[in-house]
**Q** 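First, the structure itself, so that you have it in front of you.
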Amino acid sequence: MDIKSQLAELKKQALAELGEINLSSDIEQWRVRYMGKKSQLTEILRGLAGLPIEERKAAGAASNALKAELETALVAKENEMKKLEIAKSAEEAIDVTLPGRPCPQGHLHPVTQAIEEMCSIFQGLGFQVVEGNEVEWDHYNFDALNIPKEHPARDNMATFWMNGESKEGTDWKMLLRTHTSPMQAHIMETTKLPIRIVVPGRVYRYEATDATHLAMFTQIEGLAVDEGITFADLKGTLYEFVRRFYGPDRKVRFRTDFFPFVEPGAEIAVSCASCGGSGCRVCGNSGWIEILGCGMVHPSVLEGAGIDSTKYSGFAFGVGIERIPMLRYGIEDVRNYYSGDLRFLRQF
Ligand code: PHE
């Protein structure tokens with residue numbers, strides 16, 4: 001092949017390869033391959049010395065022209081790559097002067113806050129916090145609590161029954177617990193005496209919802225069982241709880257009440273904070289707000305759990321949680337808690 005066609009071939013190949021390059025780091029390799037000391041072009045230029053003068057002139061001119069052409073193409077390619085890179089980095093650039101995106105900070109639900117506050121008061125009085133199942137056997141929800149079938153107390157607790165099998169070997173049926181009291185029976189069956197526990201948790205009643213009723217709400221159950229526990233212990237504990245939770249200025253009222261699983265049974269009310277006891281809309285004009293049911297654990301409940309009721313005694317109580325922040329903050333509709341409306345929840 002003569003030098004001219006060698007140069008033509010070389011040019012075609014070099015320019016084609018340069019056109020393919022899309023990384024600026026590959027350009028240098030291309031330069032070395034086609035224009036470097038060991039390149040074909042350099043060799044051709046070196047070999048010119050051995051040629052006759054006429055041929056040398058023509059071939060020299062053509063080689064230098066190609067060299068110049070490749071150099072121009074190289075500079076053009078470098079500029080093109082630079083432009084592309086600038087455009088690309090502008091696209092990917094981060095404007096560090098922009099203000100940061102706000103990161104919303106959450107907090108505990110007002111009902112959870114109330115649970116934590118109450119549990120920590122009872123912990124301070126020597127109670128342990130335990131949790132139980134929301135799906136329960138009717139045996140624990142009713143029978144073990146001295147509420148046999150056909151007992152009218154079952155009607156007060158409209159029940160969600162679960163579709164499902166009875167527990168093997170029994171006629172126990174599954175339900176959503178209507179109160180946290182079934183945990184009394186579970187704990188007495190499984191825990192060594194003395195017992196001092198509180199159980200926060202959700203409970204369910206098959207009821208229409210309105211401003212003061214929900215089909216799902218929260219209670220805290222309390223239970224203490226030991227030798228020599230008296231009604232004075234119940235009263236002292238619950239007075240102290242009310243004093244710590246509501247402050248020393250509220251009056252506390254004890255009245256008898258009936259729950260099949262306690263004897264005697266009582267209810268505690270505190271004087272209304274809105275009116276100071278004179279009667280208003282919040283307390284339904286009575287001056288008092290009922291906060292919990294309580295009583296001495298019924299002997300049949302103790303015996304049912306295998307505890308000797310002639311030796312041991314205990315007290316139990318159940319507090320409804322939702323109404324406590326309602327009274328504290330003046331929340332008028334209990335449904336607000338679970339509507340998922342952040343405008344409501346952010347206030348607490
Ligand atoms: N479990 C009762 C209720 O839901 C409250 C209660 C608990 C009463 C413990 C007495 C003792 O109404």
Side-chain angles (χ1 to χ4, degrees), residues 1-117 120 131 134-135 202 216 325 329 331 335-348:
M1 214 197 293
D2 66 354
I3 289 184
K4 248 194 180 157
S5 36
Q6 262 186 53
L7 290 173
E9 186 60 31
L10 195 59
K11 174 176 162 181
K12 214 170 104 196
Q13 199 184 330
L15 292 180
E17 239 175 73
L18 187 65
E20 302 270 287
I21 287 177
N22 48 27
L23 270 180
S24 17
S25 52
D26 291 344
I27 293 181
E28 176 58 11
Q29 284 172 23
W30 178 89
R31 194 194 62 76
V32 171
R33 185 150 6 108
Y34 289 100
M35 302 167 69
K37 278 189 191 131
K38 290 180 182 158
S39 67
Q40 213 182 329
L41 184 59
T42 308
E43 256 169 46
I44 293 175
L45 284 167
R46 269 199 211 114
L48 290 179
L51 292 176
I53 181 89
E54 278 314 305
E55 233 178 284
R56 185 179 356 159
K57 257 192 191 163
S63 304
N64 282 326
L66 175 59
K67 196 174 177 190
E69 230 174 305
L70 292 184
E71 254 155 27
T72 316
L74 174 72
V75 172
K77 182 75 185 182
E78 274 171 347
N79 286 339
E80 185 196 330
M81 295 301 294
K82 226 173 262 162
K83 263 191 219 150
L84 273 178
E85 264 154 32
I86 289 169
K88 209 167 135 203
S89 64
E91 223 170 80
E92 289 170 356
I94 297 167
D95 182 351
V96 292
T97 65
L98 280 176
R101 291 199 187 109
C103 178
Q105 195 176 11
H107 63 72
L108 294 177
H109 191 277
V111 169
T112 310
Q113 290 177 30
I115 291 175
E116 295 205 339
E117 205 180 316
S120 80
E131 281 181 297
E134 292 171 24
V135 175
R202 294 210 160 137
M216 181 213 79
Y329 300 121
I331 298 166
R335 290 169 291 193
N336 283 328
Y337 283 130
Y338 304 113
S339 66
D341 190 337
L342 290 176
R343 289 170 306 177
F344 170 77
L345 293 172
R346 282 202 186 106
Q347 301 175 83
F348 306 105

**Q** Just grab all the salt bridge (Lys or Arg N to Asp or Glu O under 4.0 Å) pairs involving residues 97-113, residues at least two apart or on different chains.
**A** none
**Q** First locate atom CG of Leu70, then atom CG of Leu18, and finally report the distance between them rounded to the nearest 0.5 Å.
**A** 8.5 Å
**Q** For atom CD of Glu131, decide whether the heavy atoms of other residues, nucleotides or ligands shown that lie under 6.0 angstrom number more than 12.
**A** no
**Q** Going through the distances and angles, do Arg31 and Glu28 end up as a side chain to side chain contact (heavy atoms under 4.5 Å, CB included)?
**A** CA-CA 5 Å; Arg31 194 194 62 76; Glu28 176 58 11; 3.0 Å; yes
**Q** I want to check something: taking the side chain as every heavy atom from C-beta on, are Met35 and Trp30 in contact at a cut-off of under 4.5 Å?
**A** yes
**Q** Report the distance from atom CD of Glu134 to atom CZ of Arg202, rounding to the nearest 0.5 Å.
**A** 6.5 Å
**Q** Could you tell me which non-hydrogen atom of Gly60 sits nearest to which non-hydrogen atom of Leu48, and how far apart they are?
**A** CA-CD1, 3.5 Å
**Q** Among residues at least two apart in sequence or on other chains, which ones pass side chain to side chain donor-acceptor pair (under 3.5 Å) with Tyr337?
**A** none
**Q** Taking Asp2 first and then Lys4, would you say they form a salt bridge - that is, a charged N and a carboxylate O separated by under 4.0 Å?
**A** no
**Q** Using modelled atom types only, decide if a donor and an acceptor are shared between the side chain of Lys77 and the backbone of Ile27 within a distance under 3.5 Å.
**A** no
**Q** Could you tell me the separation between the CD1 atom of Ile3 and the CG atom of Leu10, rounded to the nearest 0.5 Å?
**A** 12.0 Å
**Q** Of the non-hydrogen atoms in Pro110 and Pro325, which two are nearest, and what is the gap between them?
**A** O-CG, 3.9 Å
**Q** Hey, what do you get for CG (Leu41) to CD (Gln6), rounding to the nearest 0.5 Å?
**A** 10.5 Å
**Q** Measuring from Ser5:OG to Lys12:NZ, what's the distance to the nearest 0.5 Å?
**A** 11.5 Å
**Q** For Asp26, which residues count as a side chain to side chain contact (heavy atoms under 4.5 Å, CB included) partner, sequence neighbours excluded?
**A** Ile21, Leu23, Gln29
**Q** Once ring-ring contact (aromatic ring centres under 6.0 Å, His included) is applied, do any residues pair with Phe348, and if so which ones, sequence neighbours excluded?
**A** Tyr329, Phe344
**Q** Mind jotting down which residue pairs meet the salt bridge (Lys or Arg N to Asp or Glu O under 4.0 Å) criterion with at least one end in residues 48-72? Sequence neighbours excluded, please.
**A** Lys11-Glu69
**Q** How many angstroms lie between CG in Leu7 and OG in Ser63, if you round to the nearest 0.5 Å?
**A** 4.5 Å
**Q** Could you list the residues that satisfy side chain to side chain donor-acceptor pair (under 3.5 Å) with Ser39, not counting sequence neighbours?
**A** Thr42
**Q** Using only atom types and a distance under 3.5 Å, with no angle test, would you say the side chain of His107 pairs donor to acceptor with the backbone of Leu345?
**A** yes
**Q** Salt-bridged, Lys88 to Glu91, with N to O below 4.0 Å?
**A** no
**Q** Could you walk me through whether Glu80 and Lys83 pass the salt bridge (Lys or Arg N to Asp or Glu O under 4.0 Å) test, one step at a time?
**A** CA-CA 5 Å; Glu80 185 196 330; Lys83 263 191 219 150; over 6 Å; no
